[in-house]
Amino acid sequence: MTPPRFAVVILAAGQGTRMRSDRHKVLHPIAGKPMLVHLLDTVESIGAARSVVVVGKGREQIEAAVSGRAVDTAVQDEQLGTAHAVSMAKAALAGFDGPVVILYGDTPFVRGETIATMLERLAAGDSPGVVVLAFTPADAKSYGRVILEPGSDRIAAMVEYKDATPDQRAVGLCNSGMMAAHARDLWRWLDAVGNDNAAGEYYLPDVVAVARGEGRHPVAIEAAEAETAGVNSRAELAELERDWQARRRREVMDSGVTLVDPDSVWFSADTVVGRDCMIEPHVFFGPGVSVGERTVIRGFSHLEGTTVGDGCEVGPFARLRPGAVMERGSKVGNFVEMKKAVLGEGAKANHLTYLGDATIGAKANIGAGTITCNYDGFFKYRTVIGAGAFIGSNSALVAPVTIGEGAIVGAGSVVTGDVPGDALGIARSDQRNIGGWAADFRAEQKAKKDQA
Ligand code: UD1
Ligand code: MG
């Protein structure tokens, strides 16, 4: 179903005091992506025409985070309540004549399908005027309550906990805060909301009573608690992260990937893992990772900003940093770090190696302890290793440097100049053996110790 073009108002003017952070609350990341961006991606995916974020402090932070997107910000200088906050978005939506969905920036996981259902219900023949997204939490705490007309989805009353009678507090159906109404109704109804209540605030839920006063019949639809869960503290941030990871692990497994110990694998929102991959315990995917098919990622590997091809092997204990590219069938083993480096098809770097600012040709073999010395404290330089080259163990390749195709670098070399294709490059002092020296040394030392 394609919902009608709609606008979104995202409330984010609250202080977020309990986060104790200089970062705006809605910009704290979950799965490597700011909460606000999760929401914006969801509403864009179902066709939101416009989005307005209502901000108190920290407007610049929000603007920086959404730059390049069709998102406006509106400022609410004083937090006079949720209805007042929504009305701050009116100017930014001037000329918009369609349904408006109100969301909370700190409640990032409402599903697109749920928003589409709200819009569908708003457009239904009985013209409800307002659709409220409700939920029935395990613990109703101090949420606002939604009182329905018996046997119907029509709302008889919305009541804030502070203003509720004991009977009303006993109702399990709660207001998520999310709501949909048509722009032309919403602005008029908001103007009619007063602040004569326990908190002295302009309550958004009061638009329900105003709509009823005009003969409309606002309705509630119910969502799962996971969709309405919000973040007020770091502990709640961690809870939402945990729930997100649990959902994603399930999706990844359903798509044909083996997670040996799902609970210890962490994904980012944009992680892509192909079919028949196998991921061992304790693997972390930071943002920007794409893995092909049939690749094995062994335990304790950390990947970010990395592209791994089909049939590769990674780790255990590999660190793939931004710009690392592993082409088909290549291998990176334990304690290998790659950054801005391409490892060609079938190439191997199996042990204790740093490959930075480097291009490594197909089937090259990078010996244990190889280091690309890419930085002189001021500038970065590239290392190019040709196809089929063999770099002996414990070599330092001082960039800029090129090792030709099929060349061999002798173990322990400090390579400061290019090595031609098929040549042996060896850069270490010649070996000298002194017959009997070790035995003589031991005898001398032992004699000294016996005398002491
Ligand atoms: C609100 C609802 C309550 C609902 C609950 C769900 C009202 C009056 N009450 O209560 O029915 O059960 O959410 O979590 O709407 N905000 C602003 N400007 C303001 C006030 C709030 O932008 O002046 C933003 C906050 O940043 C937050 C959201 O609106 O994202 C909700 O505000 P909050 O103060 O948390 O409302 P609750 O008291 O929890
Ligand atoms: Mg709240």
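What you see below is based on every heavy atom in this structure, not just the backbone, and it leaves out hydrogens, waters and symmetry mates.
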K.L.:
So that I can tick it off, tell me whether Lys33 and Asp270 are bridged by a salt bridge, with the cut-off set at under 4.0 angstrom between side-chain N and carboxylate O.
P.N.:
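Looking at Asp270 and Lys33, the cut-off is not met.
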K.L.:
Is any side-chain heavy atom of Val26 closer than 4.5 Å to a side-chain heavy atom of Pro34?
P.N.:
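No, their side chains stay 4.5 Å or more apart.
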K.L.:
Measure the OG1-CD distance between Thr114 and Glu222 for me, rounded to the nearest 0.5 Å.
P.N.:
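The OG1 atom of Thr114 sits 11.5 Å away from the CD atom of Glu222.
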K.L.:
Would Ser51 and Leu40 satisfy side-chain contact (heavy atoms from CB on, under 4.5 Å), going step by step from the backbone distance to the final call?
P.N.:
CA-CA 8 Å; Ser51 300; Leu40 291 170; 3.8 Å; yes
K.L.:
Please report the interatomic distance CE(Met178) to CD(Glu227), rounded to the nearest 0.5 Å.
P.N.:
7.5 Å
K.L.:
Counting C-beta onward and ignoring hydrogens, is there a side-chain heavy-atom pair between Met253 and Pro262 closer than 4.5 Å?
P.N.:
yes
K.L.:
Hey, does the side chain of Gln61 reach the backbone of His24 with a donor-acceptor pair shorter than 3.5 angstrom?
P.N.:
yes
K.L.:
Do the side chain of Thr295 and the main chain of Gly311 share a donor and acceptor less than 3.5 angstrom apart?
P.N.:
yes
K.L.:
So which atom in Ala341 and which in Leu355 form the shortest heavy-atom distance, rounded to 0.1 Å?
P.N.:
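Ala341 and Leu355 have their closest heavy atoms at CB-O, 3.5 Å.
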K.L.:
Any salt bridge (charged side-chain N to carboxylate O under 4.0 Å, His left out) pairs touching residues 210-221, not counting sequence neighbours?
P.N.:
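For residues 210-221: Glu149-Arg212, Asp185-Arg216, Arg188-Glu214.
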K.L.:
Evaluate Arg145 against Asp167 for salt bridge (Lys or Arg N to Asp or Glu O under 4.0 Å), listing each step before the verdict.
P.N.:
CA-CA 11 Å; Arg145 301 301 205 261; Asp167 279 356; over 6 Å; no
K.L.:
State the CD-CD1 distance between Glu120 and Ile115, to the nearest 0.5 angstrom.
P.N.:
13.0 Å
K.L.:
Passes side-chain contact (heavy atoms from CB on, under 4.5 Å), Asn334 versus His351? Steps please.
P.N.:
CA-CA 5 Å; Asn334 40 250; His351 337 262; 4.0 Å; yes
K.L.:
Does Arg59 come within less than 4.0 Å of Glu63, counting only side-chain N to carboxylate O?
P.N.:
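Looking at Arg59 and Glu63, the cut-off is met.
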K.L.:
Kindly check if the number of other-residue, nucleotide or ligand heavy atoms within 6.0 Å of CD (Glu251) is above 12?
P.N.:
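Atom CD in Glu251 is crowded, with more than 12 foreign heavy atoms closer than 6.0 Å.
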K.L.:
In terms of relative ring orientation, are Phe335 and Phe317 parallel, tilted or perpendicular, with 30° and 60° separating the classes?
P.N.:
parallel
K.L.:
Run the side-chain contact (heavy atoms from CB on, under 4.5 Å) test against Ala220 and tell me which residues pass, sequence neighbours left out.
P.N.:
Ala134, Val146, Leu148, Ile155
K.L.:
For Gly288, is there any backbone N or O sitting under 3.5 Å from a side-chain donor or acceptor partner on Ser268?
P.N.:
no
K.L.:
Is there a donor-acceptor pair closer than 3.5 Å between any side-chain N or O of Thr258 and the backbone N or O of Val260?
P.N.:
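A pair under 3.5 Å: no.
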K.L.:
Side-chain contact test, heavy atoms from C-beta onward, threshold under 4.5 Å: evaluate it for Val132 versus Asn175 and give yes or no.
P.N.:
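Yes, close enough: below the 4.5 Å cut-off.
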K.L.:
Just so I know, are the side chains of Met35 and Leu39 near enough to count as touching, which here means a heavy-atom distance under 4.5 Å?
P.N.:
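SC-SC contact between Met35 and Leu39 ruled out.
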K.L.:
I'd like to check Val332 versus Leu343 (side-chain heavy atoms, cut-off strictly below 4.5 Å). Are they in contact?
P.N.:
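Yes, their side chains come closer than 4.5 Å.
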K.L.:
Under 6.0 Å from the six-membered ring centre of Phe6 and within 45° of its axis: does the NZ or CZ of Arg50 meet both?
P.N.:
no
K.L.:
Once rounded to the nearest 0.5 Å, what's the spacing between atom NZ of Lys331 and atom NZ of Lys348?
P.N.:
5.0 Å
K.L.:
Taking the six-membered ring for Trp, are Phe109 and His38 closer than 6.0 Å centroid to centroid?
P.N.:
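Yes: the rings meet the under 6.0 Å criterion.
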K.L.:
Quick one: closest heavy-atom pair of Ala7 and Leu93, and the distance?
P.N.:
CB-CD2, 3.9 Å
K.L.:
Please report the C-alpha distance between Tyr381 and Asp376 in whole Å, then the side-chain angles of each, then the deciding distance to 0.1 Å, and finally whether the side-chain hydrogen bond (donor to acceptor under 3.5 Å, both in side chains) criterion is met.
P.N.:
CA-CA 8 Å; Tyr381 307 93; Asp376 63 6; 2.6 Å; yes
K.L.:
Nearest 0.5 angstrom please: Leu173 CG to Ile147 CD1, how far?
P.N.:
8.5 Å
K.L.:
Taking Arg248 for its side chain and Phe267 for its backbone only, find out whether a donor-acceptor pair lies under 3.5 Å.
P.N.:
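Not a single qualifying donor-acceptor pair exists.
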K.L.:
Determine the minimum heavy-atom distance between Cys373 and Ala396, stating which atoms define it.
P.N.:
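Smallest interatomic distance, heavy atoms only, reads SG-CB, 3.8 Å.
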K.L.:
Any chance the rings of Phe300 and Phe284 have centres within less than 6.0 Å?
P.N.:
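No.
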K.L.:
Please say whether more than 12 non-hydrogen atoms of neighbouring residues, nucleotides or ligands are located less than 6.0 Å from CG in Asp254.
P.N.:
yes
K.L.:
Give a yes or no on whether the backbone of Arg20 and the side-chain of Arg234 come within a donor-acceptor separation of less than 3.5 Å.
P.N.:
yes
K.L.:
Mark yes or no for whether Thr306, through its side chain, and Glu304, through its backbone, hold a donor-acceptor pair below 3.5 Å.
P.N.:
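Yes; at least one donor-acceptor contact below 3.5 Å.
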K.L.:
Which heavy atom of Cys277 sits nearest a heavy atom of Gly292, and at what distance?
P.N.:
SG-O, 2.9 Å
K.L.:
Where is the tightest heavy-atom contact between Ala48 and Val8, given as atom of each residue plus distance?
P.N.:
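Reported closest heavy-atom pair: CB-CG2, 4.1 Å.
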K.L.:
Under the side-chain contact (heavy atoms from CB on, under 4.5 Å) criterion, do Tyr104 and Val110 qualify, and how do the steps go?
P.N.:
CA-CA 10 Å; Tyr104 288 179; Val110 58; over 6 Å; no
K.L.:
Side chains of Glu337 and Thr353: any donor to acceptor distance under 3.5 Å?
P.N.:
no
K.L.:
Among side-chain atoms of Arg382 and Thr359, is any donor-acceptor pair under 3.5 angstrom?
P.N.:
yes
K.L.:
Any donor and acceptor pair, going by atom type alone, linking the side chain of Ser152 with main-chain N or O of Arg154 inside 3.5 Å?
P.N.:
yes
K.L.:
Taking side chain as C-beta onward, heavy atoms only, is Leu133 less than 4.5 Å from Ile221?
P.N.:
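Yes, their side chains come closer than 4.5 Å.
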K.L.:
Between Val130 and Ala211, what is the shortest heavy-atom contact and its length?
P.N.:
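Looking at all heavy atoms of both residues, the shortest contact is CG2-CB, 4.0 Å.
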K.L.:
In this structure, which one of Val55, Val86, Val54 forms a side-chain contact (heavy atoms from CB on, under 4.5 Å) with Gln76?
P.N.:
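Among the candidates, only Val54 passes.
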K.L.:
Would you compute the distance between atom OG1 of Thr107 and atom CG of Leu240 and round it to the nearest 0.5 angstrom?
P.N.:
8.5 Å
K.L.:
Between the side chain of Glu280 and the main-chain N/O of Gly299, is any donor-acceptor distance below 3.5 Å?
P.N.:
yes
K.L.:
Do Tyr203 and Asn195 have a side chain donor and acceptor closer than 3.5 Å?
P.N.:
no
K.L.:
Does Val210 offer a backbone N or O that forms a donor-acceptor pair with the side chain of Asp206 under 3.5 Å?
P.N.:
no
K.L.:
Answer yes or no: is there a side-chain heavy-atom contact under 4.5 Å between Leu320 and His302?
P.N.:
no
K.L.:
Hey, are Glu293 and Arg275 close enough for a salt bridge, meaning a charged N less than 4.0 Å from a carboxylate O?
P.N.:
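No, this pair does not count.
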K.L.:
A side-chain contact here means heavy atoms from C-beta on lying under 4.5 Å apart; do Arg18 and Glu236 qualify?
P.N.:
yes
K.L.:
Do Leu397 and Ile371 pass the side-chain contact (heavy atoms from CB on, under 4.5 Å) test, and can you show the C-alpha distance, the side-chain angles, and the key distance before you say yes or no?
P.N.:
CA-CA 6 Å; Leu397 307 177; Ile371 305 290; over 6 Å; no
K.L.:
Can we say Lys25 and Asp106 salt-bridge, meaning some charged N sits less than 4.0 Å from an Asp/Glu carboxylate O?
P.N.:
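Yes.
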K.L.:
Any salt bridge linking Lys57 with Asp77? Criterion: basic side-chain nitrogen under 4.0 Å from a carboxylate oxygen.
P.N.:
no
K.L.:
Within 45 degrees of the axis of the six-membered ring of Tyr161 and under 6.0 Å from its centre: does Arg169 put its NZ or CZ there?
P.N.:
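Yes; both conditions hold, so Arg169 lies above the ring face of Tyr161.
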K.L.:
Between Asp41 and Arg69, does at least one N-O distance fall below 4.0 Å, as a salt bridge requires?
P.N.:
yes
